[in-house]
Structures are given as structure tokens and as C-alpha cells.
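Because only heavy atoms are used, hydrogens play no part in the values below, and waters and symmetry mates are left out as well, while side chains stay in. Chain letters run A, B, ... following the sequence lines, proteins first and then strands; every chain starts at 1.
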2 protein chains.
Amino acid sequence: MPRKAILAALKEADGYLSGEDLSRTLGMSRSAVWKHIVALRQEGYEIQAHTRLGYKLERASAFLIPAEVEPRLETERLGRNYHFHTSLPSSNITAKELARQGAPEGTVVLTEEQTAGRGRLGRGWYSPPGLGIYMSLILRPRIPLGQTPQVTLLASVALCKALEAVTPVRPQIKWPNDILVNGKKLCGILTELNAEMEAVNYLVVGIGINLNQQPADFPGDVANVATSAAIAGGEPVDRIRFLTTLLSFFEADYDHWLQKGFSQLREEWLARAAGIGTTVRIISGKQEWLGQAEGIDTDGALLVRNEDGELQRLISGEVSLRPEGGHGYDFGR
Amino acid sequence: MPRKAILAALKEADGYLSGEDLSRTLGMSRSAVWKHIVALRQEGYEIQAHTRLGYKLERASAFLIPAEVEPRLETERLGRNYHFHTSLPSSNITAKELARQGAPEGTVVLTEEQTAGRGRLGRGWYSPPGLGIYMSLILRPRIPLGQTPQVTLLASVALCKALEAVTPVRPQIKWPNDILVNGKKLCGILTELNAEMEAVNYLVVGIGINLNQQPADFPGDVANVATSAAIAGGEPVDRIRFLTTLLSFFEADYDHWLQKGFSQLREEWLARAAGIGTTVRIISGKQEWLGQAEGIDTDGALLVRNEDGELQRLISGEVSLRPEGGHGYDFGR
């Protein structure tokens with residue numbers, strides 16, 4: 001890869017490197033060198049070009065490009081097949097297409113910007129370029145279909161662990177699939193499943209997380225309900241470190257879950273869950289009732305005990321919940 | 001629909017109907033009448049055209065076209081949105097595309113011929129035109145993901161009931177998804193699932209069934225392992241009657257299952273299952289063992305008791321089974 005070699009030479013150089021030296025060392029014409037410089041700039045590298053002195057790397061790319069991410073991966077499989085885009089309608093759509101074409105487990109599709117990002121129930125997810133991480137992960141677990149919702153819980157736990165390891169933020173999980181800090185939304189997860197007969201064909205886990213946004217980066221009144229790790233933690237986040245840390249936690253937890261089952265994951269989820277053990281108001285169609293949120297079932301359903309003492313299983317998408325009292329977190333909004 | 005009116009007039013007429021009469025009654029030009037006659041012929045109707053006498057319907061279409069199928073439907077939802085094709089690569093592929101675009105529950109995609117028909121594990125399914133039924137049904141049940149494999153069992157039972165009602169054939173179900181008569185394959189089922197978080201988005205149930213094939217209609221050595229309802233029953237099958245009967249049984253069983261659960265369906269499945277209660281040889285990778293096939297689990301897994309008395313759950317796609325003794329049915333081939 002001549003582009004990688006040019007980048008390596010620029011990174012190693014102390015100051016300017018002449019185009020002539022570059023072209024001689026790498027055995028390519030000076031106009032070929034120039035074409036690679038232009039391509040590197042498009043990948044987000046700031047490179048000075050001086051007619052007499054040559055080229056100088058001013059700043060490495062701020063984008064999550066393969067050349068920067070891949071050397072820092074500590075995983076066996078997750079992220080090893082890495083598809084980077086500066087802009088996509090939605091990383092889940094692209095990942096599903098790749099999965100249909102046979103992309104291996106662990107494939108990551110990451111985009112600096114989503115133009116048609118989507119959350120649960122088709123709601124929009126605001127995805128400005130360069131500040132957050134918008135990615136989709138392809139998994140192909142050999143598990144019964146009834147266990148597939150556990151993957152979303154796994155993603156929540158891995159996201160929390162990465163936030164705890166890389167930032168000062170202490171997040172909470174809001175059932176079913178949001179991560180909150182100080183009552184505001186920091187991440188969303190959207191898992192999609194394709195199966196044939198009783199076997200999983202592929203899962204696509206879509207993750208959107210706000211990292212380096214400042215309040216002014218959120219449009220309209222979004223800042224009232226959303227936050228970022230930089231706002232909540234008071235310091236910027238190294239996005240590459242966050243991404244590689246997330247993939248490491250995800251892979252370790254995924255392997256443990258496949259081999260040992262749900263119990264440890266369930267404990268880790270409950271330890272970070274908002275509102276478990278409190279009284280909640282459940283809104284289901286025209287019915288409203290009060291109950292005690294007790295935990296989650298093995299398929300991710302919320303377990304709520306009603307006033308007659310019966311344990312009810314609540315499936316997201318069917319119900320909405322509010323904390324009794326009306327402040328703090330809410331469920332399933 | 002002028003074409004429907006022309007067809008109705010031809011069906012009612014006792015002998016020839018003049019083009020002039022048709023054009024006057026329906027208020028269209030004689031050349032417009034002619035265009036509709038050409039279209040009806042393409043739909044499989046045999047229509048005589050005589051320069052002096054006019055048009056005469058010799059034989060109704062042998063194709064499963066909407067004009068013939070829809071008046072005979074006895075269902076509320078299944079088949080009410082009916083997409084007919086003379087040829088498709090695969091009815092499941094078209095049905096998945098329609099489901100993604102929002103086609104309602106009960107939508108049927110039926111094709112007279114599949115050019116890329118596919119069975120479980122990507123195996124081919126031989127689909128000649130006009131003799132069998134190759135269809136896909138879109139369902140959108142609000143059920144936990146772990147219950148979705150039950151839909152394949154439901155399809156097997158509905159297919160058996162339709163065969164029992166319309167033909168002299170007495171079929172058996174071969175786990176996981178084949179229907180046999182006299183040890184030869186008559187139907188195949190391929191169910192595909194799309195889900196978002198813990199909710200089913202859509203199921204596509206693909207059904208291929210051999211009805212009016214004769215042994216010479218099967219290529220090569222396929223006749224050794226496949227049969228048709230006409231071969232096994234000794235008489236031709238009214239395909240429209242079979243299709244509408246199948247949809248009626250499917251709808252009734254589906255509604256019962258959604259409202260009352262799995263138990264009745266499980267009984268009906270077991271009553272028609274081949275090999276339950278017998279000794280089978282299980283082949284899983286390089287391992288082979290003998291066990292007693294005892295039944296099916298709620299997710300469609302086969303329950304086999306091994307020689308230590310432990311009940312094992314076998315998932316299709318992971319294992320292959322042969323009857324101990326080596327004749328008759330086999331499982332999971």
C-alpha cells in the first residue's frame with residue numbers, strides 16, 4: 001500500500017519531506033505522490049504542501065479511518081473486518097447488506113455521519129460528523145432465537161464498561177436500550193435480527209454514542225434530552241481509544257456469554273440499570289397501572305410486579321413507563 | 001376492470017360471443033376487446049377467436065391467477081393481498097422485499113415457476129411450472145422471538161390437513177420441515193425471520209408442494225426421493241381448491257395458536273410426525289450416538305434421550321439423523 005508508506009514516512013519525518021525524496025524512496029512518480037497526498041487529505045489528514053520544502057504532516061486524521069484504528073485494535077475478531085465511511089444513510093442498512101453478502105462475524109461498519117440514522121420504533125437519531133461514534137456490528141451467534149435479545153443487553157453493558165474505562169462518566173442503562181448520564185441520553189442501540197428456520201443467520205447491532213459534542217452541537221431542544229461524554233465528563237474523549245476499548249469489552253463479554261450463558265451479563269446489566277426496585281407507572285394503550293420494577297427476564301423483558309402481587313413481563317414497544325413521582329429517568333419512552 | 005367483465009361475459013355465454021356485442025355492452029372499441037383477449041390468453045385462458053362468430057372460452061386458466069383464486073378464498077386475511085407471478089427466482093425473495101416495504105400480514109406471493117427455489121441450508125428446490133404450488137406467506141405475529149420456530153410446525157400441520165382434506169394422501173412430517181408420503185418428499189418449508197430488538201418485524205413462510213407432477217416430470221433421479229400428491233394419491237389435484245383449503249387451515253390454526261398457545265398445535269404435529277418413539281442414530285460432526293426420539297420442544301428442537309437417560313435438544317442444521325436399521329424415513333438430511 002503506497003498510501004500507507006507515504007503516511008508512515010510523513011509521520012516519521014521531523015519537519016518537511018521533499019516530494020523528490022518520497023518519489024525516489026517509494027519508486028513512484030511525483031504526480032503519483034501528489035495524488036496520494038490529496039487522498040490522505042480527504043481522509044482527514046492535515047498535510048502542508050510547500051513548493052520548495054515538500055510535504056509535512058500537521059495533524060493526523062480526526063476520522064476513525066482504518067489506518068488509525070486497525071493498529072490499535074486488541075480484539076481477535078471484532079473490528080478486524082472494518083468498513084469505514086465518511087457519510088452513510090445508516091450504518092445498520094449497510095451492515096445488513098454486507099451480512100447478506102456473507103460478511104464474517106465481527107465485521108464493523110462505521111460512519112462519521114449518518115444522514116438517515118434511526119432509533120427504536122423508527123425514531124430519528126441525530127448523527128453529526130466527527131463527534132460521536134455511529135457503528136454497526138455483525139454477529140452470527142449459534143444460539144436459540146429466544147436468547148437473541150440478550151445481545152442488546154450485552155451491548156449496553158459493553159458501552160457502560162468502555163465509558164467507565166475511558167471517561168469520568170458513570171452511565172446508567174434505561175430499559176430497554178438507552179444509556180443515560182444525569183438523566184440525559186448518551187447512547188442508543190438498535191439490534192436487528194435475520195434468521196432462517198430456528199437458526200440465527202445474522203444480528204446487526206447498531207450503536208450510536210455521543211462523545212465530543214458540546215451543547216451547541218445539538219440542534220433545537222435536543223440538548224435538553226441528550227448529552228455527550230465530553231459534556232458529562234468535562235473533558236474530550238479519544239474516539240479511537242473509546243472505539244477499541246468498546247470492541248475489546250464487547251468481544252470478551254460476548255465470548256463469555258456464548259460459553260457460560262446469561263447469568264454474569266444479567267448481573268452486570270442490573271448493577272447499572274436505572275429504576276429497578278422503584279415504583280413505576282405503566283402505560284399500555286388506554287390502560288395505566290402502578291407496579292414495582294423488579295428486574296429483567298432472560299429475553300430482555302422488564303419484570304414488573306402489579307398491585308395484586310403478580311409478576312408481569314413487559315415487552316418494549318408495547319408499553320411506556322414513567323417513574324411514579326414524575327422526575328428522573330423514564331422507561332420505554 | 002373491463003378484463004374481469006369480458007371474462008365474466010365469456011364464462012356466462014353459451015357458445016360464441018360476438019366482438020361487436022362485447023364492445024357495445026362494455027362500451028369499448030373492438031380493438032380494445034381484442035387486447036384484453038390477448039392478455040387473458042397470456043394468463044392461461046384458452047379462448048377461441050372466430051372472424052364471424054366472435055370469442056368462446058374453451059377452458060379456464062390453469063394458472064393460480066387472482067381472478068380464479070380470490071373468489072374462492074374463505075379466509076379473513078390470508079391470501080387477501082395476493083401477488084401472482086408466472087415465474088420468479090424465488091417467492092421468498094419477493095415476499096421479503098414486499099414485507100420490507102410494509103405488505104400486510106396475510107400477503108401471499110405465489111409463482112407458477114421458481115428459477116432459483118431454495119430449501120433449508122441453501123439446497124435447491126425443483127420448481128417446474130404449473131404442477132405444484134410455490135408460495136410465500138407474510139406473517140407479523142406479536143410473539144416472543146423464542147416462539148417463532150413454532151410457525152414452521154404450524155405450516156407443516158396446515159399442509160397435512162389440506163392434503164388430508166383434498167387428496168387421498170396421508171402424509172407424515174419429517175423433522176424439522178419436510179412432508180413425506182411413502183417415504184418420499186412431497187413438500188418443503190423454509191421460514192425466514194426479520195426482527196428488531198425483541199419484536200418480530202415479519203416472518204416469511206416459504207412453501208413448495210408437489211401436486212400434479214408425474215414421475216416423468218422429475219428430472220434425473222429426483223423421482224427416487226420426491227413424489228407428488230397425484231402420484232401418491234392416484235388422481236389429479238384441483239390446485240385452487242388445495243390452495244384455498246391450505247390458507248383456511250393455516251388461518252384457523254394461526255389464530256388459535258396466537259390466542260391459546262402451542263399445546264394443540266404440538267399435539268397435531270406429533271400425531272403426524274415420523275419416527276417419534278423410535279431409535280435413531282444421531283450424526284453431529286464426527287460424533288455418532290444412538291437415542292430415542294421422544295418429541296419436540298416448544299421451539300421446534302427435537303428431543304432425543306441418550307443411552308445415559310439424558311434428554312438432548314437437537315437443533316436442525318447442527319445434526320443429521322438416521323433411523324437405526326437404515327430404512328424408512330430419516331431426519332434432518
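By the side-chain contact (heavy atoms from CB on, under 4.5 Å) test, Glu76(A) is found to be paired with Glu251(A), residues two or more places apart in sequence or in another chain being considered. For Arg305(A), the salt bridge (charged side-chain N to carboxylate O under 4.0 Å, His left out) partners at least two apart in sequence or on another chain are Glu294(A).
Distance alone, capped at 3.5 Å, places no donor-acceptor pair between the Thr94(A) side chain and the Ser91(A) backbone. Without hydrogens or angle criteria, Gln172(B) side chain to Val181(B) main chain gives no donor-acceptor distance under 3.5 Å.
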Pairs of donor and acceptor atoms involving the side chains of residues 260-267 of chain B, under 3.5 Å and at least two apart or interchain, shall be tabulated with distances.
residue: Gln264(B); atom: OE1; partner: His256(B); partner atom: NE2; Å: 3.1
residue: Arg266(B); atom: NE; partner: Ile296(B); partner atom: O; Å: 3.3

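Close approach to chain B, defined as a heavy atom under 4.5 Å from one of its heavy atoms, is seen in Pro144(A), Leu145(A), Gly146(A), Thr148(A), Pro149(A), Thr152(A) of residues 144-154 of chain A, taken by number.
Across Arg77(B), Glu105(B), Gln259(B), a single residue satisfies side chain to side chain donor-acceptor pair (under 3.5 Å) together with Tyr254(B), and that is Glu105(B).
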